[in-house]
Every structure is written in C-alpha cells, then in structure tokens.
Student: 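Sharing a structure with you now.
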Amino acid sequence: MSERQKIGVLGATGSVGCNVLDLINSQPERFEIEYLTGGKNVDLLIHQARTYCPKYVVIQDESKFSILKDALSSLPIEIHAGDQAIADITTIKTDRVVASIVGVAGLRPILNAIPHTKIIAIANKEPLVAAGSLVMEKAAQHGTKILPVDSEHNAIFQVFEEHNRAYIKRIVLTASGGPFRTWSKEKIAAATIQDSLKHPNWTMGQKISVDSATLVNKSLELIEAHHLFSMSQDKIDIVIHPQSIIHSLVEYEDGSYLAQLGAADMRTPLAYALSWPHRMQTSGARLDLLSSPALTFEDVDHEKFPSVNLARKCLKAGQAACIAFNAANEVAVDAFLNERIGFRDILPIIEKALQNQNVMPLSDLESILEQDRSVRAAAQSYIV
Ligand SMILES: NC(=O)c1ccc[n+]([C@@H]2O[C@H](COP(=O)([O-])OP(=O)(O)OC[C@H]3O[C@@H](n4cnc5c(N)ncnc54)[C@H](OP(=O)(O)O)[C@@H]3O)[C@@H](O)[C@H]2O)c1
C-alpha cells in the first residue's frame, strides 16, 4: 500500500473544513493530518484534534489558546495561536493543503504554504480575487498545483482540456440564483438575515450564503475563474441554473459542451481535490438521474443583481478594484450579519468603496494587504 498523504487543513472548523475531515475520516488508510487550524470555535477544534490527533493545532483567536492547550495537554499535539501562527504552520511540509479559511485572511497562509506542499486545494476564493496573479505565479514558480474546490471551478477543472485551450470557446459558470432568484427587487431590499441564509440547494458558511443571495459569490467566482484558468473575462459567462445539477461547463469550438454533474454536496469536489489525479469513494449525496428535476437555464437578472456587472468592471479596471470589491463586501456582509446594516445596503457600500478608493502601487503581498486594509477602513466609515 502506498504511503499515507500528509494533509494540512486551514479553516478546519468551517463548513468546508468539516466536509474535508469527514472525507479523511472515511479513508484513514489514505490520509494523515499534519495540522488543523480554526478561527474562534475552540470546542469544535478540540473535538477535531482529539479525533484526528494531528501534529499541530492552531487557533486564530489568541484568547482561546489556554482553553485549547489545557484540553489537549494529554495528547502529543503542538498548540499555537494567532494570525502569525496560522501563517507559520503552513511552512510544515505536507502533500496537500486544503485552504478553507473564509475571506482574505487566508491569503498569507496560502502563499506561505506554496513552497512547502505539492498541491493546494483552494476553496477560499477571496485570496484569488484579491491576489490571483500573485498566488498563481508563486505556485507556478514552485511547481505547486492549485486545485479548485469551489464546485463550479472544480467542475471546469474536470472538463478543461488544457491541450485544447485554443479550441475553448468559453467557460460557463452555473449559478443557482440564490434564495432571492424569484423575489421582486422590493422584497429583496427588505430581506432578513434568516432569508439570506436559506440557500435553496447548498449548506454553507454564513458569509458565502449571503454572497450567494447578493450574487456577489458568482461575481467573486468570475474573477476566481479568470485567474485559475487564465481566461479573459469575455470568455467566461454566467448562467442561472436553479437545480444546481450541472456545476459548470466548458464550450469548445467544435460545438461540444463538456460539463460535470452531481448532487449539491461539497464532498464531491473535495474528494476530487483530495485524490486528484485519481478519484475516491465518498458517502456523499448522489444524483439520481431518473428522479432529478428537469434542467433549466436563465440569464442573470442584472437589474436585481448588479454585482456581476460590477465585478466585470473591476476585472477591466485591474487588481486594486478587485481588492476593493472583495474587501468592501467582506465588511458589508459582516455588518449585515451583525444587524448593523440591511441587505439593501451591501451593494451600495461596495460601489462607494470602489468609487472612493485610493489606489496604491501593488507590487507584493504587503502592498496588497495594505490596499485591502485601507478599503476596509473606508467601508467601515460608511456604516453608521
Ligand atoms: N461552504 C461551502 O460549501 C463553500 C463552497 C465553495 C467555496 N467556499 C469557500 O470556502 C471558504 C470557506 O467557506 P465556509 O463556508 O467553510 O466558511 P465557514 O463555515 O465560515 O468557515 C470558515 C473557516 O475559517 C475560519 N476563520 C474565520 N476567520 C478566520 C481568520 N481571520 N483567520 C483564520 N481562520 C478564520 C473559521 O473558524 P471558526 O469557525 O472556528 O471561527 C472556519 O474554520 C470561503 O472562502 C468560501 O467562499 C465554501
């Protein structure tokens, strides 16, 4: 039997992180965990550490360090805390890292991990939106494979024939349309937190669920696809497919569409990202073709959901605009989830941040993070 793969999981306590651990748990002969990181959820991190006994556990929230350390004191696990500790842990050598922190907070750990691992399975889309070129260039420099986990990008990855790149007419990202697809503009404006978190097909973390409701998620995915597949945005289309059965498509010049289909279960793309170039069995949900609903497609309603066109403008404007789009959205979604603003305020905050940002030269990680911080501060000031 071949050696077990050494895995690092960033954001283990989140929705994606728990699905990764579920898959790893199903095939312990195939994987061993080097490190797990969490944000604030110390109870879950303790439970995960006891279950998987990784070599290292890191919690971002330093105030939870002693709880974590005391709870795991009888186990041979090294414990650390803080942002820097999360960035540092990724310099431990692994075979694969799953990047599933939410937000741009995952950028430094991803960049740090690149020289120390063979494959990075990226669910954490915000770092690609803010710094896609930097991530992809560093990965190419070190020969590290970037494997998309987002179901749409994972689907494209599965059907994207690199040797036929010249014959790729376009990539088509599918979108469920979110919980407000059939709502009127007026009703959407008054949507509550609970309404926004009720995704019709997927169970996910809070931030991405709100992003799906505004369609900012699809907008971030457009920028993500541009970087992951090195495709210009005029060759990336978005189509609403409410059943979320076709996870995305590639159209070739000969008229063929290649698509990946499956149930709406993140364990399918995650299994592919954990086992590529092979496959693995999962206990995830299965698509039953005979009982599946009819597949339908619609255009995006840009009047109700202006974020997609805004993201297209950002891609045209350049990296600073993409950083601002993402940073202002992170601030606005957090404010919405904390009942400081209404759903209708999210897009105007992003628009205002884009109009008012001071663009600094973006030469490296520090300047990107500085730009991100300055947009966040401005976006915070729009929230009274
Ligand atoms: N959920 C999905 O099905 C899905 C699908 C496609 C792509 N994605 C992408 O994958 C990423 C994770 O999504 P999710 O839904 O799993 O989010 P989530 O459930 O909110 O989990 C986020 C994870 O990141 C940790 N975290 C939060 N802030 C952090 C910080 N500042 N530093 C370090 N760790 C931090 C959280 O820790 P605590 O919970 O312990 O605080 C948790 O482990 C997002 O970028 C999302 O867009 C998710």
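As the structure lists them, so they are numbered: ligands from 1, and atoms in each ligand from 1. Keep in mind that this is a model prediction, so the values were computed, not measured. We use all heavy atoms of the structure for the numbers below, so side chains are in, but hydrogens, waters and symmetry mates are not.
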Student: How about D288: does its CG atom have over 12 heavy atoms from other parts shown lying under 6.0 Å from it?
Tutor: yes

Student: May I ask whether I77 and Y35 are part of the same hydrophobic cluster, defined by side-chain heavy atoms of I, L, V, M, F, W, Y residues being less than 4.5 angstrom apart, directly or through others?
Tutor: no

Student: May I ask whether S100 has any heavy atom positioned less than 4.0 angstrom from an atom of ligand 1?
Tutor: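 Yes, S100 has a heavy atom closer than 4.0 Å to ligand 1.
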
Student: Please report the shortest heavy-atom distance between T37 and L10, naming the atom on each side.
Tutor: OG1-CA, 3.3 Å

Student: Under 3.5 Å, N or O to N or O, is S15 touching ligand 1 that way?
Tutor: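 For ligand 1, there is an N or O atom that lies under 3.5 Å from one belonging to S15.
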
Student: Under 4.0 Å, heavy atoms only, figure out whether ligand 1 is touched by the backbone of I101, its side chain, both or neither.
Tutor: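 The part of I101 near ligand 1 is both the backbone and the side chain.
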
Student: In the protein, what heavy atom is nearest to atom 46 (C) of ligand 1, and what distance, to one decimal place, separates them?
Tutor: I208 CD1, 3.9 Å

Student: Give the numbers and elements of all ligand 1 atoms closer than 4.0 Å to a heavy atom of G205.
Tutor: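 It comes down to these atoms of ligand 1: 1 (N), 15 (O), 19 (O).
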
Student: I want to confirm something. Looking only at heavy atoms, which of V129, V102, D150 is nearest to atom 22 (C) of ligand 1?
Tutor: V102

Student: Nearest heavy atom to atom 36 (C) of ligand 1 wins, so pick from V149, N19, T13.
Tutor: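 Minimum heavy-atom distance to atom 36 (C) of ligand 1 goes to T13.
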
Student: Identify, by atom number and element, the atoms of ligand 1 in contact range of A123, meaning under 4.0 Å from any of its heavy atoms.
Tutor: 7 (C), 8 (N), 9 (C), 10 (O), 45 (O)

Student: Just by distance, do the side chain of T282 and the backbone of R267 share a donor-acceptor pair under 3.5 Å?
Tutor: no

Student: Does even one non-hydrogen atom of K125 get within less than 4.0 Å of ligand 1?
Tutor: yes

Student: Select the closest option to atom 45 (O) of ligand 1 among K64, E126, R108, judged by heavy-atom distance.
Tutor: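 Result: the heavy atom closest to atom 45 (O) of ligand 1 is in E126.
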
Student: Judging by distance only, is a nitrogen or oxygen of N217 under 3.5 angstrom from one on ligand 1?
Tutor: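 In this structure, N217 places no N or O atom under 3.5 Å from an N or O of ligand 1.
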
Student: Distance to 0.1 Å, residue and atom name: give those for the protein heavy atom nearest to atom 41 (O) of ligand 1.
Tutor: K40 N, 2.8 Å

Student: Could you tell me whether Q60 approaches ligand 1 through its side chain, its backbone, both or neither, with non-hydrogen atoms closer than 4.0 Å?
Tutor: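 Looking at Q60 and ligand 1, just side chain atoms fall under 4.0 Å.
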
Student: Between I86 and ligand 1, does any nitrogen or oxygen pair lie at a separation below 3.5 Å?
Tutor: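 I86 vs ligand 1: no N/O contact under 3.5 Å.
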
Student: Could you tell me whether G14 and ligand 1 have an N or O pair separated by under 3.5 Å?
Tutor: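 Yes: some nitrogen or oxygen of G14 is under 3.5 Å from one in ligand 1.
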
Student: Do side-chain atoms of H247 reach the backbone of S151 as a donor and acceptor pair under 3.5 angstrom?
Tutor: no

Student: Do F180 and F343 have ring centroids that are under 6.0 Å from one another?
Tutor: yes

Student: For E78, is there an ion pair with K55 - N to carboxylate O distance below 4.0 angstrom?
Tutor: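 Judged by the 4.0 Å cut-off on N to carboxylate O distance, K55 and E78 do not form a salt bridge.
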
Student: For A105, counting its heavy atoms only, list the atoms of ligand 1 lying under 4.0 Å from any of them.
Tutor: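 So the atoms of ligand 1 that pass are 30 (C), 31 (N).
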
Student: Taking atom types as modelled, find out whether D345 and Y382 have a side-chain donor-acceptor pair closer than 3.5 angstrom.
Tutor: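 There is no such pair (donor and acceptor under 3.5 Å, judged by atom type) between the side chains of D345 and Y382.
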
Student: Return a yes/no value for D83: is any of its N or O atoms, backbone included, closer than 3.5 angstrom to an N or O of ligand 1?
Tutor: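 No; every N/O pair is 3.5 Å or more apart.
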
Student: State whether the shortest distance between N or O atoms of G39 and N or O atoms of ligand 1 falls below 3.5 angstrom.
Tutor: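 Min N/O separation from ligand 1 is below 3.5 Å for G39.
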
Student: Show me which atoms of ligand 1 lie under 4.0 Å from any heavy atom of V16.
Tutor: 1 (N), 2 (C), 4 (C), 10 (O), 16 (O), 48 (C)

Student: Going by the order shown, which atoms of ligand 1 are within less than 4.0 Å of some heavy atom of M266?
Tutor: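 What qualifies from ligand 1 is 3 (O), 5 (C), 6 (C).
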
Student: Between the main-chain N or O of G103 and the side-chain N or O of N124, is there a donor-acceptor pair closer than 3.5 Å?
Tutor: yes

Student: Determine the interplanar angle of the Y272 and F157 rings, folded into 0 to 90°, and report it as parallel if under 30°, tilted if 30 to 60°, perpendicular if over 60°.
Tutor: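 The rings of Y272 and F157 stand perpendicular, inter-plane angle above 60°.
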
Student: For Q5 and R30, test the side chains for any donor-to-acceptor distance below 3.5 angstrom and give the result as yes or no.
Tutor: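 No, no side-chain donor-acceptor contact under 3.5 Å.
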
Student: Does some side-chain heavy atom of T296 sit less than 4.5 Å from a side-chain heavy atom of P242?
Tutor: yes

Student: Which ligand 1 atoms are under 4.0 Å away from a heavy-atom of N41?
Tutor: 38 (P), 40 (O), 41 (O)

Student: Does any donor atom in the side chain of D364 or S367 lie under 3.5 Å from an acceptor atom in the other side chain?
Tutor: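 Per modelled atom types, D364 and S367 side chains form a pair under 3.5 Å.
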
